Each structure stands twice: as structure tokens, then as C-alpha cells.
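Just below is one structure, and these are the notes that go with it.
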Protein chains: 2
Amino acid sequence: MTSTGARPTTPTLDEVAVLAGVSRATVSRVINDSPRVSPSARDAVQAAVAQLRYVPNRMARSLVTRRTDTIALVLSETNTQIFSDPFFARIVRGVTAALADTDLTVVLLAARDGREQEKAGRYVRQGHVDGVILMSMHHDDVLPAVLADASVPLVLFGRPLDGGTFSYVDADNTGGAAMAARHLVEQGRRRIGTVTGPQDMNAGIDRFAGFRTALADAGLPLPAERCAKGDFTEAGGARATARLLEQAPDLDAVFVASDPMAVGALRVLAESGRRVPDDVAVVGFDDAPVAAESDPPLTTVAQPLTEMTQELTDLLRRQIEGSREVETRICDTHLVRRASA
Amino acid sequence: MTSTGARPTTPTLDEVAVLAGVSRATVSRVINDSPRVSPSARDAVQAAVAQLRYVPNRMARSLVTRRTDTIALVLSETNTQIFSDPFFARIVRGVTAALADTDLTVVLLAARDGREQEKAGRYVRQGHVDGVILMSMHHDDVLPAVLADASVPLVLFGRPLDGGTFSYVDADNTGGAAMAARHLVEQGRRRIGTVTGPQDMNAGIDRFAGFRTALADAGLPLPAERCAKGDFTEAGGARATARLLEQAPDLDAVFVASDPMAVGALRVLAESGRRVPDDVAVVGFDDAPVAAESDPPLTTVAQPLTEMTQELTDLLRRQIEGSREVETRICDTHLVRRASA
DNA sequence: AGACGACGTGGAAACGCTCCCACAGTCTGC
DNA sequence: GCAGACTGTGGGAGCGTTTCCACGTCGTCT
């Protein structure tokens, strides 16, 4: 079983050339689908490639072309829990799907603490990738600046808080939250509260702002005791809702800034003996898979994730092609009506 | 805002050498911490590096060293849902943590369909990484063979089904399931059923086998109507449990092959009016975070995930160093007793 | 029939780095 | 005081590609 022999050396372009009886340059042309090759030469090369099971050496190729055909999807998030958030999974799926037809490969980089962020930054700066999609939600994250500084094409998922000059794609969080608020008002609710997201995340801030503004526009008050801060997790949503019910037991509706939190809210509401939507209406945000399966199914604000990931990759690819334009895309949300409101 | 000017060209070793007044070779030595450099030269080089903000070009370096200092963690799994399974997140965390002190960077590759698996395979074969940790659970996955064929160091998470000669690390699924069965027997349970995992996954097969054997050893029968097949998800666990209760309403205990499924089982049991553990005892598997928060908290079989990821990286690093030994590690599980059994 | 593109091809120069080797200078032990 | 080792340094080859350029060899147009 034991052996420390050298691993088999992979064939090079030269060896293929010799076997095919042509020059290295011609083999290269065949590999790269150049039209300027005779059919006979092409056949000979392809046969030789197949026989030797030749695979081009990426490093050598990248060294001269200065392209890697790889992009990084960097998840900069200290909360390890969020990494298993279905929302992230959907983004990853969307991005890889959007690039399925291209020859770009997506690699994921998880940067959960300072050291990992540093590693990710170095990885990018060393030229491993042609571009970066960065998901960084927190205010104090330095990675956006570090990567921008690496002068590598960069697109953010989510509006950056500090308003730096980054290209980014985001959902219309403000508008979506306002839509949720108006929906509740139209249902005749008057004592409407909210479970917010973290207020150091743009999504948390914007959803709260949109909600508050819409409520004010409708002439409804939003006293502090009808607001509780959550952390986008189910457990956090449950805790926040419990607090809310204690502070404002007469609540007749609640806007919960994410679906996982809303699921927690539904549980706590049920445990408190309240019926949803009869006693308390609930609107969530995200249209996560779980929203359709909750009891009752959740009315929620949907983000057009497919469109967003498509925009993300479009923007990035345009930058890779050479554009230095700073572009932003705010994608419209829409209300998905189910049973909870 | 618009401009399509060329991105700033990154400095090379030569430019650093000129600025520092030394040769390229000396700069290289400083970069690579060679001891054979005089303090004065070292200082001059470091100053020049800082001034030019020089970062070595990975491609050029890798081309000659044949190392990339990168390993890939490949998730080969068609079930997109599993990608957001907390279990995966824990593995990712464990692996990156185990490599935190090294200069190895981990990149994640998600291979969810044939095309993505092909991309991942190509990525690896082209020499982007020094080694691969592969999570591939399904019987019909071709990626293990493809990657092994790429003659790149490879370690599997989870025992491969076809018994190929791969290095791998796995939990003692058989032993853990047997432990769960014995625990239920010791509690005086006699009509014990199970919700299994998918039977085309090694974890599903082994847990079922260990459970069945232990039950037989205890002289207890396991009729077919006390077995229901799940898919490792909460919803699947709920469905399987509902089936189980229909087929065998007199069940007094159930071993559920994963914690998410067990959570689904608890819900269905509660809905059917059964008390846990009074009427039906439940043991799960994985010791997922959710196990501690369920109602009642779940007794479950824990895998030593930290130890496993550590072994995984140790094995891989040894292979990268040149070992061609095929090594396997089966890590012991232990029972975490909570309230459900 | 002669000139002239177009076409297919090979030689050779990069790309940015590491590392072997040679070389001068300094230090040690006699 | 001199052979020998040791130390720091620079020159240069080479890693496996792509791509520019020059060079025949045709077919086509006047």
C-alpha cells in the first residue's frame, strides 16, 4: 500500500506537438479553436491530445493571457450561522447558474474572521481570479476596501453602507418593506409592529426605514415598544417577537424583516394563543422556501433573486471585459400573498 | 464616472529589484524568507516591496514551483437543498479552521449537476489546486473516479460506496446507530422503528445496518412496517414518520438517521398526540445545533466533526507532501443524552 | 503569365517567477 | 599566511503557454 513514487508527470504541449508531427504553435491553435488550422493538422492534434490525455496547464496559460477564467464569490460574514442560511445557497446557485454557459468557474471563499478575510484578500490580489462577487453585509467589514484596492473587477451583492464607489446589485429593500406596510394597512391593521434585522446591515436598515416611512405616510404611529431587533435567524426572530408581545400585547400585525425570523414569530404567536392572521397578521421578507411551508403559509416580500444574480454576473463580466464604469442595479420586489396576512 | 482605461499594471520582481538596487534573485530570496540574505539587502527589498505594493504573481510562481497553496473542497451533490444543510457548513468551518495556521487557502467548488461536476473536474485537472477534499455521498457520482484519475491528492469525506481505493475519513455510522439502538433497548423499548436515510448514501446505509444488527443482537424484531425511508431533510423526516405511524401505530421508539429528520419526526409525533419520550422515544443522529433547541431536546449520536476535519486535512497534507499511501480513518461517535430518549 | 492576397505553418520571444550555479569576498584552522 | 569552507550575490536557464512575425504555397484576378 505504501509508496512514495513521483506522481505521473502530465504531458505538455511539446509532447503533443511531437506526437502529432506539428509545431507547438499549431497545437496551441487547435486547443484554442483558432480557425487558421488545416483539417488534417487539427485531426492529428486532436488524436494526440486524446492519446496523451493532455490537459493544458492553467498556470502557464494564465501567465501569458493574464486571465484565469475563474471568479470568486466571497462570503465575508463573521456569523458562521449565516453561512448555512438558505439565502446564501440560493445566491450561490443563481451565480453558478448564470455562469453555466460560460467557461467561467466560480469558487467560493468563506471569510469568517480577520485571518480568513486576509487570506481571501491575498488570494484575490495574487491574481487567482478575474473578478470578485462580494457578499459583505456588515458595516465594519474592511474586505470591500481591500479588494477594491486590489484593482480587480469587483461587484457587491447588497448596497454598501459607507457609500463607497462600488458597483453593486441589491433588492429594493426600502420599497419592499413599504409595500409590506401598505399591505397591512390595507387589511385594516392599525397597531402594526416590526421585528427588524440587525441595524449594522444594509438590509436591516433599509427594510426598517421603508417600513417606518410607509407607516408614517399612512398616518399610523410606530412607538418604540412596537419595534424589536432581530438577527435574521429563526431563533432571533422568536426572541424578538416574544419581547414585542410583552411590550405591546395589543399588536394586530407585524412586519418581520426576514422569513426565517417570521417563522420564529409564527411559532411564538401560536404559543401565545394568538391566531394568524385573525388576531395578528404577519408579513415576512425574502420568500424563502420555508415561507411556503410554514403554518400558516407566509405572506412575504420576494426578491427577484434570479434577476439579481444575473445582473451581478453581467456587471462583473462587463468589468472584466474592461469597463470601469461604476454601475448599480436596484431590483424590484413584489408581494407574495399567502395566508398569514 | 465612465472610463475604459487600462487597469494599473502590477509591479514585477524586476521593478522591485531595480528600486532596491539588487538582483531579481535576491528579491526572490527575501520574498521567500531565505536565510541567505544580508540584513541591508533585506531591508532595501522590503522597503521597495512596500513602496511599490508588490504582490508576487501566483501564476508565475506556481508555474515553476508546481504548487498553488490552494486546496479545493468539492461538494458534489445534486440535491441543492443539502448545500444549505448546517452539516455542510460545519464541515466547511472545520476544514478552514484546521488550515487556518497554514498558508493553504480553501476554495469551495459546488458541483450540483453534470455540467458543474465537469467544470470542477476540469478545474482540478488544470492544476489550480494542490489537493482535493471531496464530499460526495451518492452511489452514482462519477467525480471521485474523475478526480482520482487526475492524479491529484484526494481525500474523501465519507466512505465511498464502491470501495475504490481512496483515502477517506468517516464517522463510525454503524457503531453509532448500534449505540442508539442499544440505548433504546436499555430504556425498555420493545417496538422500535426507524426512519432511515437515503439508501444510496453510505451514511444512510451504514446507519440502517448498524441499527438493524443491534436490534437483532438484542433479540428484537424489525418488521418492514417499522421502517420508513427519509431523505435527511426535515420535511422528508416528517413524511416518513407519518407513514411509520400509519403502518405501525404501536411504535414505542424510533431511531431517526439524522437530526433534521428527527425534528420533523418530533413535530409529527406531537401532532399525532403522542408524548416524547413518554409514548415514543426518539434518537437522532449528527448532534446538529437544532438538536439542542428542539422540543423536547433531542438525544442524538454525535460525530466528532472537529476531529474528522482535522484528520481530513492531515491526510490530505500528507498526500500533498508526497505520500501515496491510501489511508482511512473511522472516528468514534458518542451518544448525547437529552430529553427525547 | 505574373502579381498578389489568403492561408497554414513554424520559430522565437515573451509572461514573472524560482533556483542552480558560479563568483567574489570573508572567516576559520592550521 | 594560506588552503579551504562559508556567505551573500548576480547571471541565466527553464517552467508551459500564447502570440507575433516571417515564410512558403496555393488559388485568383487582371
Side-chain angles (χ1 to χ4, degrees), chain A residues 6-46 48-49 52-70 103 122 125-128 130, chain B residues 6-46 48-49 52-70 103 122 125-128 130 150-151:
Chain A
R7 293 181 183 276
T9 158
T10 56
T12 73
L13 211 52
D14 275 297
E15 300 173 41
V16 176
V18 169
L19 182 59
V22 298
S23 74
R24 202 168 56 231
T26 298
V27 177
S28 178
R29 286 184 198 105
V30 174
I31 301 294
N32 295 293
D33 283 324
S34 160
R36 298 247 178 289
V37 183
S38 67
S40 63
R42 184 177 303 275
D43 291 346
V45 169
Q46 280 166 346
V49 165
L52 295 176
R53 315 192 47 214
Y54 168 75
V55 178
N57 179 316
R58 253 346 268 223
M59 302 305 150
R61 191 208 287 256
S62 293
L63 183 56
V64 35
T65 62
R66 338 228 63 172
R67 314 187 65 221
T68 64
D69 290 333
T70 304
D103 52 1
R122 196 171 21 180
R125 301 197 60 185
Q126 284 174 337
H128 280 279
D130 294 340
Chain B
R7 292 179 185 278
T9 158
T10 55
T12 72
L13 255 197
D14 277 293
E15 299 173 41
V16 176
V18 170
L19 182 59
V22 297
S23 74
R24 201 171 58 235
T26 299
V27 178
S28 178
R29 280 188 276 263
V30 173
I31 301 293
N32 295 294
D33 283 324
S34 161
R36 298 245 179 292
V37 183
S38 67
S40 64
R42 184 177 303 274
D43 291 346
V45 169
Q46 280 166 348
V49 165
L52 294 176
R53 315 190 47 213
Y54 169 75
V55 178
N57 179 318
R58 250 349 262 230
M59 301 305 149
R61 192 207 287 256
S62 294
L63 184 56
V64 35
T65 61
R66 337 230 64 170
R67 314 189 67 222
T68 63
D69 289 333
T70 304
D103 52 1
R122 198 172 19 183
R125 300 198 59 184
Q126 285 174 337
H128 280 280
D130 293 340
S151 75

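In what follows, chains are A, B, ... by sequence order, proteins preceding strands, each numbered from 1. All values derive from a computational prediction rather than experimental measurement.
Taking each heavy atom of A/S62 and A/R67 in turn, the nearest pair found is OG-O, 2.8 Å. A/R66 and A/D130 make their closest contact through O-OD1, 4.4 Å (heavy atoms, listed as atom of the first residue, atom of the second, distance). Minimum interatomic distance between B/M59 and A/G127 (heavy atoms only, all atoms of both residues): CE-O, 3.1 Å. Considering every non-hydrogen atom in both A/A20 and A/A44, the closest pair reads CB-O, 3.7 Å. In terms of heavy atoms, B/A17 sits closest to B/R24 at CB-N, 3.7 Å. Smallest separation of non-hydrogen atoms from A/H128 and A/T70: O-CB, 4.1 Å.
For C/dG10, one of the phosphate oxygens OP1 or OP2 lies less than 4.0 angstrom from a side-chain nitrogen or oxygen of A/T26. For the pair A/S23 and C/dG10, the criterion of a side-chain N or O lying under 4.0 Å from OP1 or OP2 is met.
Between A/N57 and B/L63 there is a side-chain heavy-atom pair separated by less than 4.5 Å. Between A/V27 and A/V22 there is a side-chain heavy-atom pair separated by less than 4.5 Å. At least one side-chain heavy atom of B/N32 sits less than 4.5 Å from a side-chain heavy atom of B/R61.
Atom-to-atom, CG of A/D14 to C1' of C/dG11 comes out at 12 Å; the value is rounded to the nearest Å. Remark: P of C/dG8 and CG of A/D43 are 13 Å apart, rounded to the nearest angstrom. In this structure, CZ of A/R42 is placed 13 Å from C1' of C/dT9, rounded to the nearest angstrom. Remark: C1' of C/dC17 and CG of B/D69 are 14 Å apart, rounded to the nearest angstrom. One can place OH of A/Y54 at 7 Å from C1' of D/dG16, the figure rounded to the nearest angstrom. Distance B/L13 CG to D/dG14 P: 20 Å, rounded to the nearest Å. One atom, CD of A/Q126, and another, C1' of C/dT18, lie 15 Å apart when rounded to the nearest Å. The distance between atom CZ of B/R67 and atom C1' of C/dC19, rounded to the nearest whole Å, is 16 Å.
Remark: A/L52 CG to A/L13 CG distance equals 11.0 Å, nearest 0.5 Å. Atom-to-atom distance recorded for B/D33:CG and B/R42:CZ is 6.5 Å, nearest 0.5 angstrom.
Nearest nucleotide to the side chain of A/R24, out of D/dC15, D/dT18, C/dG10: D/dT18. Each of D/dG16, C/dC19, C/dA12 was ranked by its minimum atom distance to the side chain of B/A25; first place goes to C/dC19. In this structure, the nucleotide among C/dC17, D/dG10, C/dG10 sitting nearest to the side chain of B/V22 is D/dG10. Residue A/R61 places its side chain closer to D/dT17 than to any other of D/dT17, C/dG10, D/dG10. Of the candidate nucleotides D/dG16, D/dG10, D/dT18, D/dG16 has the atom lying nearest to any side-chain atom of A/L63.
Rounded to 10 degrees, the angle between the two end axes of the helix from C/dA1-D/dT30 to C/dC30-D/dG1 is 40°, with five pairs used at each end.
Judged by distance alone, with hydrogens and angles left aside, the side-chain atoms of B/R58 form a donor-acceptor pair with the main-chain N or O of B/T68 at under 3.5 Å.
Comparing B/R66 and B/S40 by the nucleotide of DNA chain D that holds the closest heavy atom to each, the one mapping nearer the 5' end is B/S40.
A/S28 comes within contact range of at least one nucleobase, with a heavy-atom separation under 4.0 Å.
Listed by residue number, the members of residues 31-39 of chain B with any heavy atom below 4.0 angstrom from DNA chain D are B/R36, B/V37, B/S38.
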Encode nucleotides 21-28 of chain D as B, S and - characters from 5' to 3', where the letter depends on protein heavy atoms closer than 4.0 Å: B to the base, S only to sugar-phosphate, - to neither. --------
